[in-house]
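Notes follow once the structure below has been shown.
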Amino acid sequence: MSRLVVISNRVTLPQKSGEAPAGGLAVALQAALEEHGGIWMGWSGKSSGVKEPAPLDIKTHGNITYALTDLTKKDVEEYYHGFANRVLWPICHYRLDLAEYGRKEMAGYFRVNRFFAHRLAPLLKEDDIIWIHDYHLIPLAAELRQMGLTNKIGFFLHIPWPPADVLFTMPVHEEIMRGLSHYDLVGFQTDHDLDNFGGGLVREGIGERLSEGKFTSYGRTFKGGRYSISIETAAFAEYARKAASNVMVRKAKQSVEGRDLIIGVDRLDYSKGITQRIDAFEKFVTLNPGFQNKVTYLQITPKSRSEVPEYEQMQRTVAEQAGRVNGAIGTVDWVPIRYINRSIGRPVLAGLYRLARIGLVTPLRDGMNLVAKEYVAAQDPENPGVLVLSRFAGAARELTGALLVNPYDIEGTAHAIARGLTMSLEERKQRWEKMMEHLLKNDINRWCRDFLQDLTSA
Ligand code: GDG
């Protein structure tokens, strides 16, 4: 295959020795780049203030060149905090009530995509295969085409694609749809997202779904497909097995003192359904008094996007809610909810998943949700826990051994928690084996390989 060029909003630099390993996506992309040789370009995460950003910061490690750019303060505000995270993110997660559309932010989004294209183009060779990631960079292919590039360009959307009626509330939906038509391959997490995309084209009269996974719109024909992202299943399972001896994990085990552990792990984000989940936990304890003092619910929630007002507000809401529930149902010797508002190391996380009798993954809407897959991979095959999973996570389409719940139905989720905690070992094993077999076959390397194969032949 030709050289691979990956562009994403943020870039994962190689780990320094002794650092915890990066997540599965970074590992898989780094492996693909290493194999074919290539470039990974993106935003450094830094602002150059009012000054124009300095030239690209280029770092080479083995076969991979990392190219990072700063953005001005205005760019960060308008492109990242503005249009990407206050318009595209809420709309793609069906939260029209939270979308704050502004022309200034929209213009900033397109301007930064043009800026990325201009910085990237001089690094490109004629036969490079280009793979662009996620909602921040939808118009990038159109900008590159405008500059005369004819390379194969693929796009993968990590978040959901909404149905037409939701998408059309965004004033610039046409420009966004047009942007996608400039790719050779557009990848979505699930069939639902792919269907929503095709449905939107037809509804607006701007395109059609053809046979063999092809679409046509704005005079271009391109491929669309489902590529469900996954994890490094075998490596993560091994990692979790070893993590049992980690000092922090042993301490955590002691501190739950024989109680059943329920675990939730999410970036602090309104799409993750954390407040509904805490309500469901409270309801579970209220409806099942026999479980009082017998369970600990550990919610690990690193802060994210704190500069966006909705996220800042949510930080306070969740902390207050956890405190209120602990006050209402806790006792002198039992703190029902442990709420951690920062990131913990990956080895400890893997060990905690394995310790937990229930993995509680209940987003209101999620492209895939890798926590659900990590929880399954981390289980002890002889005594696996139960995954309670929202039917609105992309992962629900694959993890059929989970107890599927509607996260808006608080009582339903409470019942699922009770059912998970009382499930026989035999049923737990049966459900887990089915999911683990699927995840071993469909891991992150397969996802990466499938996408790149289809892009190469598109
Ligand atoms: C987007 C889409 C899609 C979380 N807390 C800690 C920690 N994490 C890690 C988890 C997992 C990752 O972060 C979160 O991935 P998710 O998939 O659950 O969610 P998003 O961040 O919203 O990701 C999503 C994904 O892209 C990939 O396409 O699945 O639908 O929204 O790996 O383990 N890791 C550590 N400490 C923490 O406290 N070390």
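Each ligand, and each atom within it, is numbered from 1 in the order the structure gives. Note that the numbering runs from 1 along the sequence shown for the chain. Computation of the quantities below employed the complete heavy-atom set of this structure, encompassing side-chain atoms and omitting hydrogens, waters and symmetry-equivalent molecules.
- Close approach to Gln189 involves these atoms of ligand 1, each under 4.0 Å from a residue heavy atom: 3 (C), 28 (O).
- Between Phe155 and Tyr183, the ring-plane angle classifies as tilted under the 30° and 60° cut-offs.
- Within the 4.0 Å heavy-atom shell around ligand 1 one finds Trp89.
- Under 4.0 angstrom from ligand 1, the non-hydrogen atoms of Val371 come from both its backbone and its side chain.
- Counting atoms of ligand 1 from 1 in the listed order, those under 4.0 Å from a heavy atom of Arg346 are 32 (O), 33 (O), 39 (N).
- Separating the CD1 atom in Ile262 from the CD1 atom in Ile417 is a distance of 5.0 Å, to the nearest 0.5 Å.
- Each of the atoms 10 (C), 11 (C), 32 (O), 33 (O) of ligand 1 lies under 4.0 Å from some heavy atom of Glu374.
- Below 3.5 Å of separation, one finds no N or O of His93 facing any N or O of ligand 1.
- For ligand 1, the atoms sitting less than 4.0 Å from at least one non-hydrogen atom of Leu349 are 7 (C), 33 (O), 34 (N), 35 (C), numbered in the order shown with element in parentheses.
- Classified by interplanar angle (parallel below 30°, tilted 30° to 60°, perpendicular above 60°), the ring pair Phe222/Phe215 is parallel.
- Using a 3.5 Å distance cut-off with no hydrogens or angles, the side chains of Asn9 and Tyr80 do not pair a donor with an acceptor.
- For ligand 1, the atoms lying closer than 4.0 Å to a non-hydrogen atom of Gly367 are 30 (O).
- Aromatic ring pairs are classed by plane angle as parallel below 30°, tilted from 30° to 60° and perpendicular above 60°; the pair Phe451 and Tyr227 is perpendicular.
- Looking at Lys272, His133, His158, it is Lys272 that brings a heavy atom closest to atom 20 (P) of ligand 1.
- Across the listed options Val348, Thr301, Asp366, Asn341, Asp366 owns the non-hydrogen atom lying nearest to atom 24 (C) of ligand 1.
- Under a 4.0 Å criterion applied to the non-hydrogen atoms of Ile344, ligand 1 contributes the atoms 35 (C), 36 (N), 37 (C), 38 (O), 39 (N).
- Enclosure of atom CZ in Arg391 is not indicated, since only 12 or fewer non-hydrogen atoms of other residues, nucleotides or ligands lie within 6.0 angstrom.
- Which parts of ligand 1 touch Ile300 is read off a 4.0 Å heavy-atom cut-off, strictly below it: atoms 38 (O).
- Using cut-offs of 30° and 60° on the angle between ring planes, the pair Phe284 and Phe281 is tilted.
- The proximity of Tyr353 to ligand 1, defined as any non-hydrogen pair under 4.0 Å, is limited to the side chain.
- A salt bridge is defined here as a Lys NZ or Arg NE, NH1 or NH2 lying under 4.0 Å from an Asp or Glu carboxylate O, and Lys242 with Glu238 meets this definition.
- For the pair Arg365 and Tyr94, the cation-pi criterion (under 6.0 Å, within 45° of the ring axis) is fulfilled.
- Within the 4.0 Å heavy-atom criterion, the part of Pro302 lying near ligand 1 is the side chain and not the backbone.
- Interface of Val265 with ligand 1, defined as ligand atoms under 4.0 Å from a residue heavy atom, comprises 4 (C), 5 (N).
- Counting non-hydrogen atoms of neighbouring residues, nucleotides and ligands closer than 6.0 angstrom, the NE2 atom of His192 reaches no more than 12 such neighbours.
- At a heavy-atom distance under 4.0 Å, atoms from both the backbone and the side chain of Asn369 approach ligand 1.
- Here's the thing with Arg267: one of its N/O atoms is less than 3.5 angstrom from an N/O atom of ligand 1.
- Around CE of Met423, the count of heavy atoms belonging to other residues, nucleotides or ligands within 6.0 Å exceeds 12.
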